[in-house]
Novice: 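Handing you a structure now.
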Amino acid sequence: MDSLKVHNSLKPGPPMPFVPMEPGKVSWYVCGPTVYDKSHLGHARNYVASDIIRRIMMHYFGFDVKYVMNMTDVDDKIIIKARRQRLLDLEKKKTYTKDELRALGLVAFQAYASKNLPLLAEDTSKLNETDYTTRRDAAYGRVLSGGTLSGEGKPSDAEAKIKMHIGNMDAAAEALKQNAIFPGADEVLLPYLDSLYKETIDTSDQSIFTDLTKSMEALFMEDMDNLNVLRPDVITRVTEYMPEIAKFVEQIVDKGFAYEAEGSVYFDIAAFQKAGNTYARLRPESRNDKALQEEGEGSLSTNLGGKRGAGDFALWKKSKAGEPYWPSKWGDGRPGWHIECSVMASDVLGSRMDVHSGGIDLAFPHHDNELAQSEAYFCQHGKGEHTWVNYFLHMGHLSISGSKMSKSLKNFQTISDALATTYTPRSMRIVFLMGKWNDGVEISPDMRSQADNWETTISNFFTNTKSWLTEAGVDYGVKSLSVNQDDSSTGLLADLEMAKKEAEDALTNSFDTPRVMLVLLKLVNTTNAFVKNNKDVNLAHVEAIARWITKMAGIFGLDANANPPYDGLGWASPIATDVDPKKAVQPYAEIVESVTAEVSKISISSDVIATLLAQDPSKDFESVAATGSRDIEKLSLPYIRVVSQIRDELRRVVSSQTPETKKAILTITDRIRDVDLTNLGVYLDDRPDNQPSLIKFIPAAELIRAREEKAAREAEKAQKKEEARLAREKAEQEAKEKAKIPPEEMFKKDERYSAWDESGMPTKMKDGSDVPKSQLKALKKMWDKQKKVHEELKAKGGL
């Protein structure tokens, strides 16, 4: 196997050799979520991408990975959301008159506009719901129509944020019009109430924060389970590490790399660099980006004073009224955002780790600050820089309309909503596999189409391979047909070996999954074409290909029901260990009984059918059950095979039967395929020339949906046919009624004319002028046509 190379954000450029500190073992820390809201597709992109790399490391390269994830359960966003929600709940319990409530909503409306949408007007005190729309469109129409605020370039996060604020204002304006302040104006009320009453909240009761974070953490883990993301080996939470964080900060201060100011502690970048260390190793170009620095400090820290350097960042923050707090030698406070990861990662993994990962938006300042404070903590003066992380892996973010998908921008779709409406866990993972983990991605219709095509092609190949093996009487368990390795230089086995080599080259090149996905698709298409063009194909070769693709799909996490070493064939069936095999196959046994009883009633002279009706599939079932198998496909196959054989023979003899018998046979054969077996997730693929039907196991929901769609298409076709018939009859009736009018009378009621000749042709217009010759010519053609149809109708006795 080639040596693995990875993209390392610490050393930009081509992938570099991956050499863990301890051979065969990988220590890995990943920045987990800030649990203050539901997770969205941007989180899915991050954590599914990390999961794919983790699985490849473990199940392809064979590394023993220790995977640690934190849960940020104290943070400015958490504090603000929990506190505001408490204040809103208290406000809703107050007694207001309609006028008082409207006044509250209006002042909050104006305050929100003043802070977040300054272009609405300088004097926002005169802003109200009546003139809001006009002023909004005048100030921000360019952004609302898809442009930028400046009129140049492409929309970015700034425009997305404006749209988010406008959305909140739109809802509040409508709430004011309807006098429905709660909940319509909640988003503008929350910050206003917080500005008035935040210092009144008793934060010694931390349940207002922990209730939120515990519920959001539970939802996050549920989302990750639904996406088939492996659980971390270790989960750490900030609130469980407060004493350790305070001690960690003390150590950095004692080493001279941090200082206390007004009850807060800041990292001293200048002192750190003076000692020979490097700051902003990941994003040196961003170290003076004030907006990113402020974002890293948090919105509640803008007024903390005493910093020596503009870029110095908080390790410990003095807690203000309305904020949670923990004891420290500098007084009551709470940790800065970055210090938590340094402490927790180091506590579990030690002074060095192989891999640290997270979303690319965390590179600066979060990860750069993590590196600096951790290296400061562990460094020994005079011995050079300390290496805290060997490989930094940054996942590309998911964007929408040019902006990153973000909770703060409210331009996201939650994972739960996406899985309920748009994706399956597999289809979402396939989309992410088709993009490189370290590249940004914006999901397009074309990308979705490619992903759907990939999944359909692979699924059909698995289904067909099982069907071919079933037809050949082969049990496709974990071990099936043996392959002669002497054949590996030619035909399908040669294609398989080439695919394996290409996949390995891709995976060793920094986990290039898009390339592997193409390799798998190409191999399936090649195999399908080979099978189609070669009657005597070696099924052992086809099976070997299907098993390898199954293994790769398992390694990529595409099958939630499969487990390492992924040596099955196709998507694994969910296995219930406590299932009673006899109860599980009862529906299939009942179909055999009903089909046998119905066919016995039909007068068919056939020894073959008599023999088939006498079969007892329960014996074959008992043989399978005796092996301990709980795979419903294998357990049910003896029953399905009997039903399929009876149906095939009925189809073979139907043409020689009487009309009455033929009708009965066709009714039974159609019902077996379209109802009985479809409802159980079995499809019988009929083939020409009296070949036996192929038995295919396909999820019942897919088959039922296809049946319903076919019925809907047929119903629509029948409806259109009926509508066409009615329209045709109506047209015929209208033509017949029109034909009843003698040509001499057809223009007499036309008000455009005032005189006619003896044949009924108009001679004068309404104003007394002569009918123009050009018009007379056209009228004469109409008169002649009417005369013809009138006489034809008369000849048929229709008058």
Novice: What I'd like to find out is whether the side chain of Met353 reaches to under 4.5 Å of the side chain of Asn390, using heavy atoms alone.
Specialist: no

Novice: Quickly, which of Met69, Met221, Met216 forms a side chain to side chain contact (heavy atoms under 4.5 Å, CB included) with Pro33? Name it, please.
Specialist: Met69

Novice: Do Asn70 and Thr72 have side-chain N/O donor and acceptor atoms under 3.5 Å apart?
Specialist: yes

Novice: Could you list the residues that satisfy side chain to side chain donor-acceptor pair (under 3.5 Å) with Arg281, not counting sequence neighbours?
Specialist: Glu375

Novice: Salt bridge (charged side-chain N to carboxylate O under 4.0 Å, His left out) between Arg83 and Asp194: does it pass, once the steps are laid out?
Specialist: CA-CA 8 Å; Arg83 188 173 67 196; Asp194 196 50; 2.8 Å; yes

Novice: Among all residues two or more places apart in sequence or in another chain, which pass the side chain to side chain contact (heavy atoms under 4.5 Å, CB included) test with Ser319?
Specialist: Glu323, Tyr325, Arg334

Novice: Side chains of Thr278 and Gln273: donor-acceptor distance under 3.5 Å anywhere?
Specialist: no

Novice: Name all pairs fulfilling the salt bridge (charged side-chain N to carboxylate O under 4.0 Å, His left out) condition that reach into residues 239-255, sequence neighbours left out, sorted by first residue then second.
Specialist: Arg237-Glu240

Novice: Run the numbers on Lys38 and Asp417 for salt bridge (charged side-chain N to carboxylate O under 4.0 Å, His left out), then give the verdict.
Specialist: CA-CA 10 Å; Lys38 292 181 179 179; Asp417 285 347; 5.9 Å; no

Novice: Sequence neighbours left out, what passes side chain to side chain contact (heavy atoms under 4.5 Å, CB included) with Asp233? Give chain and number order.
Specialist: Arg54, Tyr67

Novice: Between Val265 and Tyr259, is there a side-chain heavy-atom distance shorter than 4.5 Å?
Specialist: no

Novice: Taking side chain to side chain donor-acceptor pair (under 3.5 Å) as the test, write out the residues that go with Tyr192, two or more places apart.
Specialist: none

Novice: From the options Asp75, Asp332, Asp76, select the one residue that forms a salt bridge (charged side-chain N to carboxylate O under 4.0 Å, His left out) with Lys317.
Specialist: Asp76

Novice: What pairs of donor and acceptor atoms, side-chain ones from residues 9-26 against any protein atom, are under 3.5 angstrom apart with sequence neighbours left out?
Specialist:
residue	atom	partner	partner atom	Å
Ser9	OG	Phe392	O	3.4
Ser9	OG	His394	ND1	2.8

Novice: Whether the side chain of Glu297 engages the backbone of Ala314 through a donor-acceptor N/O pair (distance < 3.5 Å, no angle test) should be reported.
Specialist: yes

Novice: My understanding is that only residues two or more places apart in sequence, or in another chain, count here; which of them pass side chain to side chain contact (heavy atoms under 4.5 Å, CB included) with Asn288?
Specialist: none

Novice: Using a strict cut-off of less than 4.0 Å between a Lys/Arg side-chain nitrogen and an Asp/Glu carboxylate oxygen, indicate whether Lys77 and Asp37 qualify as a salt bridge.
Specialist: no

Novice: Taking the side chain as every heavy atom from C-beta outward, state whether His7 and Leu393 have any pair of such atoms under 4.5 Å apart.
Specialist: no

Novice: Is the closest side-chain heavy-atom distance between Thr148 and Val143 below 4.5 Å?
Specialist: no

Novice: Who are the ring-ring contact (aromatic ring centres under 6.0 Å, His included) partners of His59, not counting sequence neighbours?
Specialist: Tyr566

Novice: List the residues meeting side chain to side chain donor-acceptor pair (under 3.5 Å) with Thr513, not counting sequence neighbours, and say none if there are none.
Specialist: none

Novice: Tell me which pairs pass ring-ring contact (aromatic ring centres under 6.0 Å, His included) where either residue lies in residues 214-258, with sequence neighbours left out.
Specialist: Tyr47-Phe220, Phe248-Tyr377, Phe257-Phe272, Phe257-His381

Novice: Can you find a pair of side-chain heavy atoms, one from Lys198 and one from Arg86, that are under 4.5 Å apart?
Specialist: no

Novice: So, does Asn509 use its side chain to make a donor-acceptor pair with the main chain of Asp505 at under 3.5 Å?
Specialist: no

Novice: How would you list, by chain and number, every residue that makes a side chain to side chain donor-acceptor pair (under 3.5 Å) with Ser510, sequence neighbours excluded?
Specialist: none

Novice: Do any N or O atoms from the side chain of Arg45 and from the backbone of Met395 form a donor-acceptor pair under 3.5 angstrom?
Specialist: no

Novice: Is it the case that Asp354 and Tyr391 place a side-chain donor and acceptor less than 3.5 Å from each other?
Specialist: no

Novice: Do side-chain atoms of Glu159 reach the backbone of Ser156 as a donor and acceptor pair under 3.5 angstrom?
Specialist: yes

Novice: Any sub-3.5 Å donor-acceptor pair from Asp368's side-chain atoms to Leu282's backbone N or O?
Specialist: yes

Novice: Under a 3.5 Å cutoff, is there a donor and acceptor pairing between the side chains of Trp326 and Thr239?
Specialist: no

Novice: My understanding is that only residues two or more places apart in sequence, or in another chain, count here; which of them pass ring-ring contact (aromatic ring centres under 6.0 Å, His included) with Phe313?
Specialist: Phe267, His338

Novice: Would you please say whether a donor-acceptor pair under 3.5 Å links the side chains of Ser351 and Trp388?
Specialist: no

Novice: Hey, is the main chain of Glu370 close enough, under 3.5 Å, to the side chain of Ser342 for a donor-acceptor pair?
Specialist: yes

